[in-house]
Amino acid sequence: MKSILSLLLLFSIALQLHAQRPASTNYEESKVPEYTLPPVLKTSTGKKVTSVKSWEKARRPEILNLFAENIYGQMPLKYDRITYSLINEDKKSMSGKAHLKEVMIEVFNQNKSVKINLTLFIPNHKTGPAPVFLLINNRPKENTDPSRTVISEFWPAEVLIEGGYAIAAFQVNDLAPDNKVSFMNGALQLYPELLNADNGMRAIGAWAWGASRVMDYFETDPQLDKKRVAITGHSRGGKASLWAAANDQRFALCISNCSGNSGAALARRQFGERIKVINTSFPHWFNTNYKKYNEHEDQLPVDQHMLISLIAPRPVYATNASEDLWADPKGTYLSLKNAEEVYGLYGLKSALPEFQPALNIPIIESPMAYHNREGKHDLTVYDWKQFIRFADYHYTKKEGR
Ligand code: GTR
């Protein structure tokens, strides 16, 4: 009996983790419908955007609001109070190579609070504040084990420490349990007005909001370089990392690994996962308004290249895996390509070739970076090593070296 129950439990967890993939899913390039992307550099009243000034003053806020209204939901504008408590520390973790800090961040609003448990390793061999990679962790906590008893490729902390980077992670479930029944038992408790609104944030919005609260903490930690924080996420976490970077310009770099539909991939291609499928499997990820676009991708006032554009001029890196057609590698690449004109406004030249590069050929020396790794839908040490190269390149470039 017990084993039947645990089998059922495993089965329901598996269902929660994966979208139902309908037989009608298109994986054929020839069946991609003709589509026209909404123009990035034209305002809703038809004005052309030709300068950084009009982009930042007029078009950028307009696009940000369209994403909030129609997809990810409006974010809270304020909170009453935030506290940071160091709950565990080991200055000589990883055989003396890193300083471990476990910090409990508590955010208060309207007499309620939410607790974010942060795990952070800072390299000991570096002098001065360390640049940081923050992972929005959508996998079990063991992947970011502070004791390092479990070492996971998903968050290879030792590799980052070796590279001179601090590495941090928090669990998405602290902000919004990844479940359609209980997602509101987190940050949304502090903002019932958003929970009740069709345009209010849902789980992905709450995860992105949580990343910004971690950034609030980073700003208070003198061991960290708050001007060099990279926000990172895989898959659903990669969707959240893009939304976090779009909203919070304190993030210097954004990395979105295999984020697919409603992440870095263009929706209008209708290749692999589609909006209706994601909204049916994960109704708690996006706001209620997004459901209007089920089977109506063409009616969305935005497409995902505009989400990439919101990150400009900060460098952004999107990835795919060859066996993960569900996340539409080509659509992801085209999304980056179609954001080029916004980076161009800032005088930043893209190094992305006209067509998607071959497998395992990362394009890193570009404000929009890309790779398509051979293999499965996952976040691996290979991916992380490219992210380090990407950060090294862009940070040293900034220093003018
Ligand atoms: C899938 C979902 C994707 C992606 C993925 C994940 O089932 O359809 O959009 O987010 O889960 O998070 O691993």
Side-chain angles (χ1 to χ4, degrees), residues 10-27 67 71-73 135-144 152-155 169-173 175-180 183 202-208 210-211 231-244 254-287 290-291 293-295 297 300 303-304 307 318-332 335 372-373 375-380 383:
L10 275 178
F11 185 64
S12 76
I13 292 175
L15 274 185
Q16 288 272 342
L17 282 175
H18 290 287
Q20 297 285 17
R21 301 184 176 191
S24 60
T25 305
N26 179 37
Y27 292 119
F67 275 107
I71 304 184
Y72 306 102
L135 177 77
I136 300 174
N137 186 18
N138 55 297
R139 292 231 178 130
K141 180 139 173 77
E142 300 79 72
N143 286 281
T144 62
S152 157
E153 277 222 20
F154 195 73
W155 195 72
F170 68 93
Q171 292 298 118
V172 295
N173 288 342
L175 278 309
D178 192 2
N179 182 302
K180 64 181 170 202
F183 74 92
R202 296 294 183 264
I204 287 193
W207 304 342
I231 184 72
T232 315
H234 166 66
S235 206
R236 61 198 74 187
K239 305 180 210 289
S241 73
L242 291 168
W243 184 231
C254 177
I255 295 159
S256 184
N257 195 73
C258 298
S259 60
N261 186 273
S262 313
L266 292 177
R268 277 170 175 73
R269 280 172 44 81
Q270 303 178 19
F271 187 102
E273 186 170 28
R274 288 188 59 186
I275 292 176
K276 184 180 176 189
V277 178
I278 209 168
N279 274 334
T280 308
S281 300
F282 308 104
H284 59 292
W285 282 0
F286 308 101
N287 71 16
Y290 199 32
K291 280 64 183 177
Y293 302 99
N294 288 351
E295 285 181 347
E297 281 88 350
L300 259 174
D303 210 316
Q304 301 306 114
L307 183 59
T319 75
N320 289 111
S322 61
E323 292 169 32
D324 185 22
L325 292 184
W326 183 242
D328 190 9
K330 183 167 178 191
T332 302
S335 201
N372 193 8
R373 169 182 50 73
K376 289 197 172 45
H377 177 75
D378 200 358
L379 174 56
T380 68
D383 299 312

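As the structure lists them, so they are numbered: ligands from 1, and atoms in each ligand from 1. For the numbers below, each heavy atom of this structure counts, side chains included, while hydrogens, waters and symmetry mates do not.
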What atoms of ligand 1 come closer than 4.0 angstrom to any heavy atom of I278? 9 (O)
If you measure every N/O of S259 against every N/O of ligand 1, is any gap under 3.5 Å? no
Among I136, I255, L135, which residue satisfies the side-chain contact (heavy atoms from CB on, under 4.5 Å) criterion with I231? I136
Only residue of R139, R373, H234 satisfying side-chain hydrogen bond (donor to acceptor under 3.5 Å, both in side chains) with D378 is R139
Only heavy atoms of H18, strictly under 4.0 Å: list the atoms of ligand 1 that pass. 7 (O)
N or O contact, F282 vs ligand 1, cut-off under 3.5 Å: no
Measure from the side-chain N and O atoms of Q304 to the backbone N and O of G263, and report whether any donor-acceptor pair falls under 3.5 Å. yes
So, does S281 use its side chain to make a donor-acceptor pair with the main chain of Q20 at under 3.5 Å? yes
Does any N or O in the side chain of T319 come within less than 3.5 Å of the main-chain N or O of C258, such that one atom is a donor and the other an acceptor? yes
In terms of atom number and element, which parts of ligand 1 are under 4.0 angstrom from non-hydrogen atoms of W285? 9 (O), 10 (O)
Just heavy atoms, cut-off under 4.0 Å: does H234 contact ligand 1 by side chain, backbone, both, or neither? neither
Which residue, L307, L242, T332, forms the side-chain contact (heavy atoms from CB on, under 4.5 Å) with S259? L242
Report the part of R236 in contact with ligand 1, treating N, CA, C, O as backbone and CB onward as side chain, heavy atoms under 4.0 Å; options are side chain, backbone, both, neither. both
The atoms of ligand 1 lying under 4.0 Å from a heavy atom of H377, numbered in the order shown, are 5 (C), 6 (C), 13 (O)
Quick check: W326 and ligand 1, any N/O pair under 3.5 Å apart? yes
Can an N or O of N138 be found at a distance shorter than 3.5 Å from an N or O of ligand 1? no
Could you check N279 against W285 for side chain to side chain donor-acceptor pair (under 3.5 Å), going step by step and ending with a plain yes or no? CA-CA 8 Å; N279 274 334; W285 282 0; over 6 Å; no
